[in-house]
Protein chains: 2
Amino acid sequence: MRISEEMVKHIQAIIKKTGYIPNRAAASLRTGRTHVIGLIVEDIANAFFASLAKSVESVAAKVGYRVVYGSTENDDGKGNDLIQLLAKQVDGFLITPSTGMKAGVQALKKTRKPLVLIDRYFPDEEIPFALVDNYGGVSQATEYLIEKNKKNIAFVNVALDQVQMNERERAFVDVMSRRGLFHKKLLLRLPYYQDKTQYEPRIRSFLQKQPGIDAIIFATNYLGMFGIKALKDLDIAIPGKVAVLSFDDTDLFRFSSPAISVISQPVQEIAAQAMRLLLDQMNAGPKKKAADEGVLVPPQLILRNSV
Amino acid sequence: MRISEEMVKHIQAIIKKTGYIPNRAAASLRTGRTHVIGLIVEDIANAFFASLAKSVESVAAKVGYRVVYGSTENDDGKGNDLIQLLAKQVDGFLITPSTGMKAGVQALKKTRKPLVLIDRYFPDEEIPFALVDNYGGVSQATEYLIEKNKKNIAFVNVALDQVQMNERERAFVDVMSRRGLFHKKLLLRLPYYQDKTQYEPRIRSFLQKQPGIDAIIFATNYLGMFGIKALKDLDIAIPGKVAVLSFDDTDLFRFSSPAISVISQPVQEIAAQAMRLLLDQMNAGPKKKAADEGVLVPPQLILRNSV
DNA sequence: CTGAAAGCGCTTACAG
DNA sequence: CTGAAAGCGCTTACAG
């Protein structure tokens with residue numbers, strides 16, 4: 001301590017009296033660091049991403065970082081704009097990329113800006129990522145339904161061609177095929193709609209065409225949400241006639257009657273791992289290179305009354 | 001046009017080739033403007049605030065502004081910290097203040113930083129605000145239940161001493177008293193819990209103590225959510241035994257069986273009005289003072305199967 | 001009309 | 001050790 005306690009007090013009194021607040025824009029201009037992390041998610045209004053954002057925020061706050069968000073809504077243009085917009089204003093990125101953001105993400109990586117992908121990744125790119133074990137989660141759920149003696153299990157997916165959705169479907173197809181239960185007609189792939197209400201009629205007509213279904217796995221929370229609505233509209237008893245399981249846990253599934261069984265993502269853990277990988281990069285000096293590591297976090301199968 | 005089209009093309013090609021991105025920190029340092037708006041809400045994970053944030057974001061984008069969020073969780077310290085943190089980095093604030101943020105908000109006003117309160121306000125302060133007509137909404141809902149011949153209508157509120165909650169309760173008490181139906185024991189005021197699951201047992205024991213209740217109005221979405229859970233746990237039929245109405249519309253209320261009737265806030269309109277008031281202030285020159293206006297937006301009573 | 005220079009508010013390497 | 005000066009990347013008032 002080279003400065004006397006007295007002086008410290010004196011200065012702090014002045015700071016308080018004059019209401020001095022340092023200008024971060026100036027500090028950032030000088031140091032090149034902003035102490036802000038950019039979090040780009042698919043849709044901040046979706047329960048999964050909202051809770052992911054909250055977790056990231058709390059982990060980041062502990063190490064002195066703030067977080068700014070943006071939603072891509074799976075629109076490549078919007079996503080790439082967000083990268084552009086935030087690039088100079090954040091010390092690092094946490095990104096949920098849509099398929100078409102690959103070029104943007106590659107370009108970002110070339111600039112050596114710290115970057116971690118979450119929820120999904122590019123299998124052929126060496127970019128660190130943190131996400132749930134999608135394949136494992138759906139495998140376990142499918143096995144469970146088969147053990148419960150279900151024969152005609154349907155899988156409802158969204159045709160985004162993103163790795164996490166592909167893995168969920170691949171797990172379903174693999175397990176079902178292994179047991180000789182796979183039929184193509186039990187696989188429903190719907191387009192990605194901004195307006196999620198459009199899923200309800202689509203799922204309803206699928207259910208009407210496939211009356212033999214005795215269980216359904218929904219690949220996302222919004223598919224599950226509107227799928228349940230479709231089932232109720234058609235007066236199909238859950239789980240009496242059809243057992244139901246969905247990816248992602250939300251209030252709606254917990255509060256639904258019957259409560260819906262889910263493959264739950266450990267959001268806290270995903271956020272913590274992603275931040276760890278990001279901090280690794282941000283703190284890595286020019287010599288020691290941060291590891292191009294990918295982390296797969298195990299999901300949790302939560303059984304409720306819908307199966 | 002003083003610059004030839006050719007030159008414009010040439011420069012833009014170079015911009016693209018070199019990947020030039022202007023440094024906003026530098027621009028902001030020079031101009032004093034950031035083109036960012038700070039949105040401080042109660043809890044970004046709450047469906048109401050998430051949808052409000054989304055609306056604000058879309059209105060702001062149209063006029064060239066970005067939005068950064070923060071959640072207070074009704075913690076005065078956290079709220080005031082957010083103001084401090086963002087003060088120099090935003091051109092204006094949209095704030096959902098907790099009671100203890102009054103001093104912080106007053107101080108902010110003195111700095112002449114553009115500022116609009118949303119969702120709630122300080123009745124004795126001249127700060128522009130945009131929110132729903134809470135009194136009108138609950139009045140209408142209460143009248144409706146009385147017309148439906150309900151005699152023992154309960155009101156479940158959270159004891160936050162914030163103007164919007166007070167107005168909701170005041171409307172209920174006024175209407176019930178006018179009809180000679182008000183009983184103090186039908187009014188439940190619960191503390192504000194971070195962990196919302198705590199509301200369920202509290203509401204459950206209230207219901208057990210007051211078996212004569214034939215209708216309930218929940219003053220917030222989370223009270224409604226856990227209130228419905230409590231009713232179902234106790235096997236109280238909705239609406240057979242007890243009619244249910246909640247403030248705020250959410251997926252959960254729309255998807256619940258029975259679907260829950262709500263006093264819905266026109267989020268788009270609140271966001272649009274708040275942004276209008278904020279832009280007024282941000283564009284007001286030093287001479288013309290922006291109006292210290294307050295806007296009350298009418299809510300919508302959406303009747304579903306729970307009444 | 002146009003180009004060079006000043007300055008926003010910080011941080012830090014450097015001269016003394 | 002300490003204080004003054006340079007410079008981060010922009011924008012804009014100003015000199016020529």
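In what follows, every heavy atom counts, from backbone to side chain, and hydrogens, waters and symmetry copies are set aside. Below, read A as the first sequence line, B as the second, and so on, with proteins coming before strands; counting in each chain starts at 1. Since the structure is predicted, the reported quantities are computational estimates derived from the model, not experimental observations.
Between F129(A) and Y121(A), the ring planes are parallel. Angles under 30° get that label, and only those over 60° would be called perpendicular.
The pair E269(A)-R276(A) does not meet the salt-bridge criterion, since no charged nitrogen lies less than 4.0 angstrom from a carboxylate oxygen. Ion pair E57(B)/R66(B) not flagged as a salt bridge, since none of the NZ, NE, NH1 or NH2 atoms sits closer than 4.0 Å to an Asp/Glu carboxylate oxygen. Here D124(B) pairs with K102(B) in a salt bridge; the nearest charged N to carboxylate O distance falls below 4.0 Å. Ion pairing between a basic and an acidic side chain is recognised when a charged N comes within 4.0 Å of a carboxylate O; K54(B) and D43(A) show such pairing.
Partner S98(A) forms a side chain to side chain donor-acceptor pair (under 3.5 Å) with one of D76(A), N80(A), T72(A) and no other, that one being D76(A).
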Which protein N or O atoms sit under 3.5 Å from an N or O of nucleotides 4-8 of chain D?
from, atom 1, to, atom 2, distance (Å)
dC8(D), O2, R30(A), N, 3.4

Pair F93(B)-L86(B), side chain to side chain contact (heavy atoms under 4.5 Å, CB included): steps then yes or no = CA-CA 9 Å; F93(B) 275 105; L86(B) 296 176; 3.7 Å; yes
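Of the P atoms belonging to dG16(D) and dG7(C), the separation is 15 Å, rounded to the nearest Å.
Rounded to whole Å, atom P of dG9(D) lies 24 Å from atom CZ of R33(B). Rounded to an integer number of Å, the gap from CD of Q89(B) to C1' of dG9(C) is 13 Å.
For H35(A), the ring pair (Phe, Tyr, Trp, His ring centres under 6.0 Å) test picks out Y65(A), with sequence neighbours left out.
Remark: DNA chain D forms stems of 3 or more consecutive Watson-Crick or G-U wobble pairs, all pair distances under 3.5 Å, at C:1-3 with D:14-16, C:5-12 with D:5-12, C:14-16 with D:1-3.
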